[in-house]
Amino acid sequence: MNKKSLFFLLAFQLLPGLAIGATTCSKINLTRCLDSICAINVSSNPAARCQYCGTASAGTPKTSTGMRSLSIGQSTKYTLTEKELEDAPTDPGKRYIWATEQCIKKIEGCTADDVSESYDALIEQSCKAAGISAKMAEVRAANTKQVSKNSCKTDIHACLIDEKRCGSDFSGCETDTEFNNFFSSCSVDATGCDEYLSDIRTELLSDRDTMIANSEQLLKNIVTAYQTARQNKLTEAQTSCKDNAARESCIKTVCEKNMPNKCGTGYESEKTVATQLCAFYDTACETLD
């Protein structure tokens, strides 16, 4: 046996994978797997793929995972069971990534690129059915963008305190029902914030309680301040009226600033005029008695 023949014999014996060829990805089975995650009840809901694995802008699927329709006798060799789907994320972007991970493990020879080539166009068609023009490359970029909790809270808070919703003082959200309704509507547009929503709701609800409590206390403080100021003025007036002090002070001022001779000796007429001008103090003080 020559060396060339021996080489090819060894190649078939030692490298069977190379000789036979690598396993190719079955796009049909891959699509079956992805549909079991992203196309639940697609026959009655053409927008299912977009809603489950596309973008949150398409809205929430009408039917939950637990109510998905399955073909009778359908094999789970290429699809995920309802039990397995319990771990599927609800956020479309995260669900797409999760679906990719699950299906390339289940369907031999497939890669993430195969998922994109086979399924992105189907999701885009589904989005068109929902009235949304979504390019999966852009959707994936948006879904994989890291969003901090603080950023999410800032956006939701800004939405919540709009005057058409709670208002800056939260007066429009005094009941939990009002708060929850507005919080839910503001959360819809908070892309990538799903994992923080529970904590953010608790924190903003606490902020609301504090704001309302402080506004009530502020109102009480204002009322108390007015009451105190009024009482102080009354006390001051009563003190001024004691022993005719206010009237005598008025007469002295009129004499010194308005009378030519300052009501001096021999000018009793000036003092009489000053006394008449200040007589209103007698009337005022009588009302305080």
Side-chain angles (χ1 to χ4, degrees), residues 1-56 58 61 63 65-130 132-146:
M1 182 181 293
N2 60 38
K3 292 183 178 180
K4 184 177 291 186
S5 299
L6 179 61
F7 173 79
F8 280 106
L9 178 62
L10 289 174
F12 275 95
Q13 289 179 336
L14 301 178
L15 302 172
L18 177 62
I20 298 172
T23 303
T24 58
C25 174
S26 170
K27 300 296 180 64
I28 294 177
N29 291 336
L30 179 61
T31 300
R32 287 176 182 170
C33 179
L34 293 167
D35 270 350
S36 70
I37 303 171
C38 301
I40 299 168
N41 294 324
V42 69
S43 59
S44 60
N45 179 20
R49 291 188 180 98
C50 187
Q51 292 173 332
Y52 278 109
C53 294
T55 171
T63 307
T65 303
M67 298 294 289
R68 70 190 183 119
S69 59
L70 296 172
S71 299
I72 297 176
Q74 178 175 299
S75 171
T76 58
K77 180 178 180 181
Y78 304 120
T79 62
L80 271 70
T81 65
E82 287 194 49
K83 181 65 177 178
E84 290 173 311
L85 286 178
E86 290 177 0
D87 296 326
T90 56
D91 175 78
K94 293 179 181 178
R95 193 180 183 95
Y96 177 95
I97 295 172
W98 187 84
T100 299
E101 293 172 348
Q102 299 303 311
C103 290
I104 61 178
K105 286 191 296 185
K106 184 176 281 287
I107 311 302
E108 188 177 358
C110 294
T111 67
D113 287 339
D114 292 319
V115 172
S116 180
E117 292 173 6
S118 303
Y119 213 68
D120 284 7
L122 294 177
I123 294 178
E124 289 175 1
Q125 291 173 7
S126 177
C127 288
K128 288 182 180 179
I132 298 171
S133 177
K135 297 297 182 183
M136 284 306 296
E138 298 172 2
V139 170
R140 282 200 303 274
N143 286 330
T144 55
K145 181 181 179 181
Q146 293 296 316

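If you're wondering where the values come from, they're calculated on a predicted model, not measured in any experiment.
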Within a strict 4.5 Å, meaning less than it, do heavy atoms of the Cys103 and Ile37 side chains meet?
yes
Are Cys38 and Cys53 close enough that their SG atoms are less than 2.5 Å apart?
yes
Which atom of Ala112 lies closest to which atom of Ile104, heavy atoms considered
N-CG2, 4.0 Å
Enter the distance from Thr31:OG1 to Ile107:CD1 here, rounded to the nearest 0.5 Å.
9.5 Å
Quick one: pull up CG in Leu30 and OG in Ser118 and give me the separation to the nearest 0.5 Å.
5.0 Å
Which atom of Ala58 lies closest to which atom of Gln51, heavy atoms considered:
O-NE2, 3.2 Å
Side chains of Thr111 and Asp114 only: does a donor on one sit below 3.5 Å from an acceptor on the other?
yes
Do Trp98 and Asp91 have side-chain heavy atoms sitting under 4.5 Å apart?
no
Indicate yes or no: at least one non-hydrogen side-chain atom of Thr79 is less than 4.5 angstrom from one of Glu84.
no
Please report the C-alpha distance between Arg95 and Leu85 in whole Å, then the side-chain angles of each, then the deciding distance to 0.1 Å, and finally whether the side-chain contact (heavy atoms from CB on, under 4.5 Å) criterion is met.
CA-CA 10 Å; Arg95 193 180 183 95; Leu85 286 178; 4.3 Å; yes
Quick check for you: to the nearest 0.5 Å, what is the distance between Arg49 atom CZ and Gln125 atom CD?
8.0 Å
Tell me, yes or no, whether the heavy-atom count around Glu108 atom CD, taken from other residues, nucleotides or ligands under 6.0 Å, exceeds 12.
no
Restricting to non-hydrogen atoms, name the atom on Cys33 and the atom on Lys106 that form the minimum distance, rounded to 0.1 Å.
SG-CD, 4.2 Å
Residue pair Asp35, Tyr78: steps toward the side chain to side chain donor-acceptor pair (under 3.5 Å) verdict
CA-CA 10 Å; Asp35 270 350; Tyr78 304 120; over 6 Å; no
Distance in Å, Ile123 CD1 paired with Leu34 CG, rounded so as to fall on 0.5 Å steps:
8.0 Å
Look up atom CD in Glu86 and atom CD in Glu82, then write down how far apart they are to the nearest 0.5 Å.
8.5 Å
Distance from Tyr119 atom OH to Ser126 atom OG, nearest 0.5 Å?
8.0 Å
